[in-house]
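Quantities reported herein were computed from a predicted structural model and do not represent experimental measurements. Below, all heavy atoms of this structure are taken into account, side chains as well, without hydrogens, waters or symmetry copies. Below, chains carry the letters A, B, ... as their sequence lines are ordered, and counting in each starts from 1.
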Number of protein chains: 2
Amino acid sequence: MNTGQKRKTERRQKEQLARRRAILAAAREVFFAKGFMDATIDDIADRCSLAKGTIYLYFRSKEDLYTSIMAEGMERLRREFEVLKNLPPGEPGLVESAFRAYIGFYRKNRKYFRIMFLSSQPDVRARTPQEVLLRCMETGMECMGIVRDLVQEGIERAYYRKVDSWAVANILWASINGIIMAYENDPIYRDEFAGMEMEKMLLHSLDLVLEGLKVKK
Amino acid sequence: MNTGQKRKTERRQKEQLARRRAILAAAREVFFAKGFMDATIDDIADRCSLAKGTIYLYFRSKEDLYTSIMAEGMERLRREFEVLKNLPPGEPGLVESAFRAYIGFYRKNRKYFRIMFLSSQPDVRARTPQEVLLRCMETGMECMGIVRDLVQEGIERAYYRKVDSWAVANILWASINGIIMAYENDPIYRDEFAGMEMEKMLLHSLDLVLEGLKVKK
DNA sequence: TCATTAAAATGACTACGAGTCATTAAATGA
DNA sequence: TCATTTAATGACTCGTAGTCATTTTAATGA
C-alpha cells in the first residue's frame with residue numbers, strides 16, 4: 001500500500017509548488033518595483049516571509065528568478081495570442097489583428113517588457129539555467145507560429161504578396177520590440193525626441209508593414 | 001606673463017584628456033571581453049595601470065564608463081552616416097543606402113551593440129550622468145535626421161508615398177535594432193529559431209519597408 | 001504517545017566588488 | 001630649497017549574492 005505514501009508525496013509536491021509560486025509572486029513585485037539591479041534577494045525573501053537560503057532551494061540564482069518572471073510574461077502573451085487562432089473565418093485584417101493583440105498585451109503588461117529586454121541580455125542569460133531559457137524560447141516560438149499562420153492565410157487569400165511568412169512574423173515581432181524598447185528607455189524625453197507618442201509610432205509602423213504586404217493593384 | 005601658466009594649464013588638460021582616453025580604451029577592452037556584469041573596475045584599472053581610485057577621478061561610476069563607450073559607438077555611427085549626406089544626386093535607393101550603411105556599421109562594430117542595448121536599460125541609465133545620456137541622444141538624433149532627410153528626398157522625388165519621414169526614420173532604426181537584438185540574444189540558437197541568418201532577415205525587412213514606401217503603380 | 005529519521009528552512013557567514021577617503025607623491029612656483 | 005596645490009593611491013567600508021552547518025518541522029511507525 002504505497003498509495004498513502006504516494007498521496008503524501010503528492011501533497012508535498014503541491015506545497016513545494018505553492019512555495020515556488022509564492023516566491024515568484026514576491027519576486028515579481030520586487031522586480032517590478034525596483035528593477036533587476038536594485039532588487040535584492042533579501043527584499044524578495046522578506047516579501048514572502050522566507051529566509052534567503054530558502055529562496056535558493058527553489059531557484060538557482062537571482063537571474064533564474066528574473067528570467068522565470070520573463071517566462072511568466074511569455075506565457076501570458078501566448079494566452080493572449082490564443083484568440084488569434086480562432087479569428088472569424090473571412091476576417092480581413094489578419095496581420096493587423098496580431099499587431100493590435102501585441103499592442104494590447106503591451107498595454108496590460110508594460111512591466112514585463114523591461115524584464116524581457118534585460119533578461120535577454122547575454123550577461124543575464126549566462127547565469128540563467130538553460131531550461132528556463134528554453135521554455136521562454138519555445139513559448140516565443142509558439143506565439144510567432146500563430147503570427148506566421150495569419151500571414152500565410154493572408155497570402156493564400158491573396159490579401160498579401162507572396163512573402164516568407166515566418167520571416168515576416170519575426171520582423172513584425174522585432175519591429176514592435178524595437179519601438180517599445182526605444183520608448184521604454186527614456187519615457188520622459190522620448191516623446192519629444194520622436195515627436196509622437198509610442199502608440200502612434202506603432203500604428204505608423206503597422207501601416208508601413210501592411211502597405212509592404214499588400215498585393216499591388 | 002601668465003602665458004607660461006596658461007601653457008602649463010593647457011598641458012595639464014591635455015594630459016588629463018589623454019588619461020581619460022587611456023581609461024576609456026581599457027574599459028572598452030574589458031567590457032568587450034567580459035560584458036558589463038562580469039567586468040570589474042579593478043580589471044579596468046589594472047589594464048591601464050592605474051589605481052582604482054584614479055578611475056573615479058575621471059568617471060563617476062561603472063555605468064558612466066559603460067555608457068561613455070556607448071557614446072563612442074554612437075559617434076562612430078554618425079561618422080559612418082556622414083557619407084549619406086553626400087549621396088550622388090539622383091541616386092535612387094535612398095532608404096536602401098541608409099539601411100545598408102547601418103548594416104555595414106553593425107558588421108564592423110558588433111561589440112558596441114551589446115553595450116548599446118544594455119546601457120539603454122533603465123537600471124544602467126539611472127546610474128549614468130545626465131550629460132552622457134544627453135550626448136548619446138543628441139548623436140542618435142543627428143543620425144536619425146540624416147535618415148529622415150533621405151526619406152524626405154525620396155518623397156519629393158516621388159519614389160516614396162507621402163509618409164511621415166521622421167516616423168519612418170524612427171521605425172527603420174527600431175526595426176533593425178529589434179532584429180539585431182533578437183539575434184544577439186542567442187546567436188547560437190537563433191539561426192535555427194528564425195530559420196535564417198541575421199543578414200538575410202535584415203534584407204527581408206528592408207524589402208518589406210521599401211515595398212511599404214513605394215508609390216503604387 | 002513518543003522516538004527516529006528524513007526533509008525543509010534558517011540565517012550567520014564568506015567572498016567579492018563598487019565606491020570612498022585619508023594618506024602619499026608629484027608638480028609648480030617663490 | 002621649501003610651501004602649496006593637484007593628482008594618484010590602495011586600504012578600507014559597505015552592501016549583497018550565494019553557501020552551508022545547524023535547527024526546525026513533519027512524517028513514520030512502534
Next on the checklist: Using five pairs at each end of the helix from C:dT1-D:dA30 to C:dA30-D:dT1 to define an axis, what is the angle between those two axes, to 10°?
Outcome noted: 20°

Next on the checklist: Which residues pass the side-chain hydrogen bond (donor to acceptor under 3.5 Å, both in side chains) test with B:Gln16, not counting sequence neighbours?
Outcome noted: none

Checklist entry - Rounded to whole angstrom units, what separation is found between the CZ atom of B:Phe31 and the C1' atom of C:dA18? => result 12 Å

Checklist entry - Counting only non-hydrogen atoms, which of residues 15-27 of chain A are less than 4.0 Å from DNA chain D? => result none

Checklist entry - With sequence neighbours left out, what residues match B:Tyr58 under side-chain hydrogen bond (donor to acceptor under 3.5 Å, both in side chains)? => result none

Pairs of donor and acceptor atoms involving the side chains of residues 201-208 of chain A, under 3.5 Å and at least two apart or interchain, shall be tabulated with distances.
none

Checklist entry - Which residue pairs pass the side chain to side chain donor-acceptor pair (under 3.5 Å) test when at least one of the two sits in residues 166-179 of chain B, sequence neighbours left out? => result A:Ser175-B:Ser175, A:Arg190-B:Asn170, B:Tyr102-B:Asn177

Checklist entry - Of all residues at least two apart in sequence or in a different chain, which pass the side-chain hydrogen bond (donor to acceptor under 3.5 Å, both in side chains) check with A:Arg20? => result none

Checklist entry - Listed in order of residue number, which residues of residues 37-57 of chain B have a non-hydrogen atom at under 4.0 Å from DNA chain D? => result B:Leu50, B:Ala51, B:Gly53, B:Thr54, B:Leu57

Checklist entry - Got a sec, which residues hit salt bridge (Lys or Arg N to Asp or Glu O under 4.0 Å) with A:Asp46, two or more places apart in sequence or on another chain? => result none

Return a table of donor-acceptor pairs under 3.5 angstrom between the side chains of residues 22-34 of chain A and protein atoms on other chains or two or more places apart.
{"unit_1": "A:Arg28", "atom_1": "NE", "unit_2": "A:Glu72", "atom_2": "OE2", "d": "2.6"}
{"unit_1": "A:Arg28", "atom_1": "NH2", "unit_2": "A:Glu72", "atom_2": "OE1", "d": "3.2"}
{"unit_1": "A:Arg28", "atom_1": "NH2", "unit_2": "A:Glu72", "atom_2": "OE2", "d": "3.4"}
{"unit_1": "A:Glu29", "atom_1": "OE1", "unit_2": "A:Arg47", "atom_2": "NE", "d": "3.4"}
{"unit_1": "A:Glu29", "atom_1": "OE1", "unit_2": "A:Arg47", "atom_2": "NH1", "d": "2.5"}
{"unit_1": "A:Lys34", "atom_1": "NZ", "unit_2": "A:Asp43", "atom_2": "OD2", "d": "2.9"}

Checklist outcome for this item: Taken to the nearest whole Å, CG/A:Asp64 to P/D:dA17 is 14 Å

Review item, side-chain donor-acceptor pairs of residues 137-151 of chain B, under 3.5 Å, at least two apart:
{"unit_1": "B:Thr139", "atom_1": "OG1", "unit_2": "B:Arg135", "atom_2": "O", "d": "2.7"}
{"unit_1": "B:Glu142", "atom_1": "OE1", "unit_2": "B:Arg78", "atom_2": "NH1", "d": "2.8"}
{"unit_1": "B:Glu142", "atom_1": "OE2", "unit_2": "B:Arg78", "atom_2": "NH1", "d": "2.7"}

Item to check | B:Tyr106: ring pair (Phe, Tyr, Trp, His ring centres under 6.0 Å) partners, not counting sequence neighbours | outcome: B:Phe113

Checklist entry - D:dA8 C1' sits how many Å from B:Phe59 CZ, rounded? => result 16 Å

Checklist entry - Within the structure shown, what part of the strands sits under 4.0 Å from A:Tyr58 by heavy-atom distance: base, sugar-phosphate, or nothing? => result sugar-phosphate

Item to check | Over all atoms of both residues, closest heavy-atom pair of B:Thr67 and B:Ser119 | outcome: OG1-CB, 4.0 Å

Checklist entry - So, B:Glu82 and B:Arg79, do they make that salt bridge, N to O below 4.0 Å? => result no

Item to check | For atom CG of B:Leu65 and atom C1' of C:dA18, their distance in whole Å | outcome: 12 Å

